[in-house]
Amino acid sequence: MRSPFHSEQETFRSVLLVTLALIPVVLAAALGPTWLALAVLAVVLGALAIRVAQLRMRKLRGLELPVKMAPPHVGSAAERRVLVVANDTLGEEALLREVERLACVPDTHLLLLVPALISPGARLTGAIDGLLDQARVRLKTALDRVGHGLVVAGEISEADPLQAVEDTFATFAPDEVIVSTRSERAASGLQPRLAGLVRERFAVPVRHLVFEPGSAAQEPNRDTEARYRHEFGDAAARKFGLKALAGAGILAAVLMSMVALVQSSERDEARAASQAAAEQIAALPPVAKMVVLKVIPEGKRGPEGEKHDEFTTTEFVVRAGQPQELRIDNTDEVPHSITAPEAGVNIVVMPGTHTYTLLVKQPGRFLWFCTFRCDEWAMQHPGYMSGYITVS
Ligand SMILES: [Cu+2]
């Protein structure tokens with residue numbers, strides 16, 4: 001495949017295109033939820049894939065022909081250099097006779113190019129040695145048969161056949177090319193379309209010799225070449241379509257699994273959060289229906305040894321918005337209070353036993369104290385005439 005960074009201009013265009021394509025993805029990622037960014041990414045990738053496929057198809061159908069390459073002539077003016085491209089037809093008597101005939105023409109040099117036709121599958125599995133050996137045997141047999149060692153050379157190529165031809169244009173600089181194929185492509189043979197491709201790419205005479213086993217070579221007419229071209233294009237398009245479909249499938253699967261992952265992790269987070277909240281609530285001490293306590297003057301000794309006034313309970317745990325009943329026996333002769341300005345609480349505790357309601361609307365931990373002048377020290381020390389209301 002041609003690199004998108006083929007020229008400076010194309011590089012600039014590619015970078016610009018990718019940048020423009022990424023803007024909506026980045027925007028979606030920044031402003032929206034993760035799935036939206038992924039969806040936008042999918043759309044952008046899809047659009048890019050369609051564009052690439054379009055360009056690719058146009059090239060395959062031959063609508064966009066590259067500029068033909070015309071190699072400079074090498075050697076003396078009389079010298080003629082002929083490139084013969086063959087693989088499965090290399091053993092054909094008719095082809096070998098033609099090579100022999102050309103070799104006898106003075107000032108003619110021949111190169112037998114044998115593309116080993118290594119498929120991507122063979123490359124992956126490392127089964128290329130067998131194919132190379134096969135090509136080597138074919139080439140050696142042909143060279144032995146033809147003789148003329150001085151003017152006929154041979155070469156095996158691991159590259160794609162068209163690429164192999166292009167490579168020899170750099171090294172051998174042929175004045176003429178003979179492409180030898182069967183009329184139908186065999187599994188281990190060259191494409192009949194190859195001749196047309198070479199003709200479209202290089203500005204040198206190209207002869208296409210088509211062999212049926214055991215019969216004489218034929219040069220296909222225009223219609224036949226057009227048929228080869230059509231069949232090849234269709235086959236390539238089918239193959240490319242399948243590949244594109246597979247690619248789209250893989251892409252969709254990857255994106256969907258990413259969305260699923262993100263969603264499940266979000267769900268997990270939400271579940272974890274609610275679980276944590278539930279655990280927190282469960283961890284709180286249960287709220288008693290009624291809290292019973294007393295107010296006792298000089299009921300508790302302070303750290304300095306003096307006796308101080310006290311509420312026997314100074315820590316109150318309540319639920320936000322849920323009234324909590326306090327039954328308080330104030331054994332003093334004067335009133336005291338539970339006052340927490342921040343919680344909006346001010347309960348005046350009268351002498352004697354009475355029931356009061358403690359109600360706080362908002363969660364938090366609030367300091368309370370007695371506002372009736374009694375024991376100055378006790379009023380400032382939680383555990384005596386002061387304490388906390390914890391609201392959950
Ligand atoms: Cu008091």
Side-chain angles (χ1 to χ4, degrees), residues 29-36 261-392:
L31 302 176
T34 318
W35 67 262
L36 183 66
L261 255 171
V262 166
Q263 273 183 347
S264 83
S265 78
E266 275 170 4
R267 228 178 292 130
D268 284 351
E269 271 167 34
R271 202 181 300 132
S274 70
Q275 207 172 346
E279 274 166 13
Q280 221 174 358
I281 287 169
L284 288 168
V287 175
K289 212 168 166 223
M290 167 96 74
V291 176
V292 179
L293 65 142
K294 284 184 175 182
V295 177
I296 307 170
E298 300 190 345
K300 194 175 176 185
R301 218 174 271 279
E304 82 287 10
E306 295 280 316
K307 282 188 167 181
H308 293 288
D309 294 355
E310 67 153 344
F311 275 74
T312 53
T313 298
T314 59
E315 287 281 333
F316 300 102
V317 177
V318 300
R319 301 269 192 264
Q322 200 173 305
Q324 171 66 53
E325 296 206 274
L326 307 178
R327 188 153 181 81
I328 306 177
D329 177 11
N330 179 3
T331 61
D332 203 355
E333 287 157 2
V334 293
H336 295 273
S337 82
I338 298 173
T339 303
E342 280 180 55
V345 171
N346 187 28
I347 298 169
V348 176
V349 182
M350 301 304 288
T353 304
H354 305 278
T355 302
Y356 308 90
T357 302
L358 172 60
L359 176 62
V360 186
K361 298 248 171 70
Q362 74 273 32
R365 187 164 157 82
F366 306 96
L367 178 72
W368 71 265
F369 43 85
C370 173
T371 54
F372 285 79
R373 223 154 242 291
C374 46
D375 180 333
E376 288 282 349
W377 185 92
M379 285 161 77
Q380 288 163 25
H381 286 80
Y384 297 83
M385 298 301 277
S386 174
Y388 286 95
I389 305 168
T390 305
V391 187
S392 64

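One-based numbering, in listed order, for ligands and for the atoms of each. One-based numbering along the sequence shown. Just the heavy atoms: all of them, side chains too, but no hydrogens, waters or symmetry mates, feed the values below.
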Please answer whether the main-chain N or O of [Y] pairs with a side-chain N or O of [X] as donor and acceptor at a distance below 3.5 Å.
| X | Y | value |
| --- | --- | --- |
| K361 | G344 | no |
| T314 | P382 | no |
| D309 | E298 | yes |

Starting from the Cu ion (ligand 1), count all protein N, O or S atoms within a radius below 2.8 Å.
3

What I'd like to find out is whether the side chain of V360 reaches to under 4.5 Å of the side chain of F316, using heavy atoms alone.
no

Determine whether F311 and V295 make a side-chain contact, defined as any pair of heavy atoms from C-beta on separated by less than 4.5 Å.
yes

Would you call the rings of H381 and Y384 parallel, tilted or perpendicular, taking 30° and 60° as the class edges?
perpendicular

